[in-house]
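Reviewing the structure listed below.
Protein chains get the first letters and strands the later ones, always in sequence-line order, with residue 1 at the start of each. Keep in mind it's a predicted model, so treat the numbers as computed, not measured.
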Number of protein chains: 2
Amino acid sequence: MAYRETEKMRNRKAEARRRIIECTYGCVAGGGFRSAQITRIAACAGVATGTIYRHFESKEHLFAEVFRIATQREVDKVAEALATEGNVVTRLETALRQFADRALRGPVMAWSLIAEPVDPKVEEERLKFRRAYAQLFEQAIREGIEEDSVPDQDARQSSTCLVGAIAESLVGPLSPAQAGATEPAETNDHDPLVDSIICFCMQGLTGTRR
Amino acid sequence: MAYRETEKMRNRKAEARRRIIECTYGCVAGGGFRSAQITRIAACAGVATGTIYRHFESKEHLFAEVFRIATQREVDKVAEALATEGNVVTRLETALRQFADRALRGPVMAWSLIAEPVDPKVEEERLKFRRAYAQLFEQAIREGIEEDSVPDQDARQSSTCLVGAIAESLVGPLSPAQAGATEPAETNDHDPLVDSIICFCMQGLTGTRR
DNA sequence: ATAAGTAGTGAATCATTATTCATTCTTTGT
DNA sequence: ACAAAGAATGAATAATGATTCACTACTTAT
């Protein structure tokens, strides 16, 4: 026999795959999924278009994976905010703020994840993504109900509403039409927009204005 | 000279245009914008594909117009619910219920208007559509604040959150993946899903659980 | 060095639809 | 009836990009 896949080769392939994903991510963060054509991704990753198909079954599969990765990054941040010590209500508020702040910090990617028109396969991922957020919130709300810091309610429904309220509030400002209108260089974490979103959400949850 | 456009001709043209719009509407209500190809629309309207371009500059223009019309129908219903006599809070609740009930009644159209991936031109209309709803709610909220039945708040922001919360709550049930899961033949107006959405929304607005 | 197997290449192909436009058909005024 | 103008037609074209695949280049084991 002759050639047998070796560790070195496996690494090299993994590296190419990684680079393709990274470049796709970059394209999306720069101009949305729309701007991420195979040709451009290939050029950016320094491979031929055909090579991409050795690593991914189709463009949609590649997109779905990139979407998942981007999503995971965001969801993890929110999960982190929810996992701290302390009062459920405060943690929820921090988590909501994290969500909104991060979106405004990386508006193109956020828009792609939340609202850009995408192919059905990717849209499926989007539904999962939103469910993932909702589930985090849902869990926290349940805890809150348990410990009586949040009034009894349909936790699942409320969490869905939270996600919707934030997403909707962000769609306008994130829209490509508004590109540049919001300064992404904002180092300050206190956007009044975010404050009023959170105000509504917390009241929806707790019935208490703050 | 000879031919000069006459009333009869004007009517005939208007009728063709109307039919094209109606057929497009039908296609969308049946299978979303995705399923509304020019060929199919033309066949359904009993005209040649080229004829469509005598009435509309492009497919996107046609879609945008159909979107506007479909939208207007929905928005009007909500506006109607808001225009009745009586307490602002009650009217808002009725309006929210109207929104959700109608969506569940015509799930494919609702999904197309709220969440189906569409071309940029149509997406623009969608943003307007959501703003239109929000503005109706915003106005009502202002009235409520005025008459002290609703606590003081950022009416614009709250209204956006309302739209988001409802839309998000509906996206799951309306998704084509869920097609048929919800019986559209529901003659009864009391879907528990709708109740819990509204419960969250009203509390977000008024701080009062009901 | 050689052979066998695998990865990479990218121009060519395919697929999908919207759109065009040369031609035909209708309407209208004389 | 005829000519002028417009409307309708729909097969052909265009445009966009994803995907393929015959070929080349590289890796490995002997």
Discussion item. Taking donor-acceptor contacts at under 3.5 Å, does the side chain of A:Arg54 reach the base of C:dG8?
Written reply: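 Indeed, a donor on one side and an acceptor on the other fall under 3.5 Å apart.
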
Discussion item. Is it the case that over 12 heavy atoms from other parts of the model lie below 6.0 angstrom from the CZ atom of B:Arg34?
Written reply: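 Counting neighbours around CZ of B:Arg34, 12 or fewer heavy atoms of other residues, nucleotides or ligands fall under 6.0 Å, so no.
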
Worksheet item: Looking for any heavy atom pair under 4.0 Å, which part of the strands does B:Thr49 touch: base, sugar-phosphate only, or nothing?
Response: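 Counting heavy atoms under 4.0 Å across all strands, the contact made by B:Thr49 includes a base.
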
Selection from [options] that lies nearest to any side-chain heavy atom of [X]:
X: B:Lys13; options: D:dT27, D:dA7, C:dT19; answer: D:dA7
X: B:Val47; options: C:dG29, D:dT9, C:dT6; answer: D:dT9
X: B:Ala48; options: C:dG29, D:dG10, D:dT28; answer: D:dG10
X: B:Thr51; options: D:dA8, D:dC26, C:dT27; answer: D:dA8
X: A:Ala2; options: C:dG10, D:dC26, C:dA4; answer: C:dA4

Discussion item. By nearest heavy atom, map B:Lys59 and B:Thr6 onto DNA chain C; which one lands nearer the 5' end?
Written reply: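 Comparing both residues, the 5'-ward one is B:Lys59.
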
Fill in: Nearest-nucleotide 5' precedence on DNA chain C, B:Tyr53 against B:Glu5
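The 5'-side residue here is B:Tyr53.
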
Worksheet entry | Considering all heavy atoms, the nearest B:Ala70-B:Tyr25 contact |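 Closest pair (atom of B:Ala70, atom of B:Tyr25, distance): CB-CE1, 3.7 Å.
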
Worksheet item: Looking only at side chains, do A:Ser159 and A:Gln135 share a donor and an acceptor under 3.5 Å apart?
Response: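 No, A:Gln135 and A:Ser159 have no side-chain donor paired with an acceptor closer than 3.5 Å.
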
Rounding to a whole Å, what distance do you find between [X]:[atom1] and [N]:[atom2]?
X: A:Lys8; N: C:dA7; atom1: NZ; atom2: P; answer: 14 Å
X: B:Leu62; N: C:dT17; atom1: CG; atom2: P; answer: 16 Å
X: B:Asp119; N: C:dT16; atom1: CG; atom2: P; answer: 18 Å
X: A:Phe63; N: D:dG17; atom1: CZ; atom2: P; answer: 11 Å
X: B:Arg40; N: C:dA18; atom1: CZ; atom2: P; answer: 11 Å
X: B:Arg4; N: D:dA3; atom1: CZ; atom2: C1'; answer: 14 Å
X: A:Arg34; N: D:dA18; atom1: CZ; atom2: P; answer: 11 Å
X: A:Ile38; N: D:dT20; atom1: CD1; atom2: P; answer: 11 Å

Worksheet item: Side chains of A:Met109 and A:Glu74: closer than 4.5 Å at any heavy-atom pair?
Response: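 A:Met109 vs A:Glu74: side chains apart.
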
Fill in: Residues forming a ring-ring contact (aromatic ring centres under 6.0 Å, His included) with B:Phe63, sequence neighbours excluded
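Residues passing ring-ring contact (aromatic ring centres under 6.0 Å, His included) with B:Phe63: B:Phe33.
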
Discussion item. Let me spell it out: for each of B:Gly50 and A:Gln37, pick the nucleotide of DNA chain D with the closest heavy atom. Which residue's pick is nearer the 5' end?
Written reply: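 Final value for this comparison: B:Gly50.
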
Worksheet item: Is the distance from OP1 or OP2 of D:dC26 to the nearest side-chain N or O of A:Arg12 less than 4.0 Å?
Response: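 False: A:Arg12 side-chain N/O out of range (4.0 Å or more) of D:dC26 OP1/OP2.
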
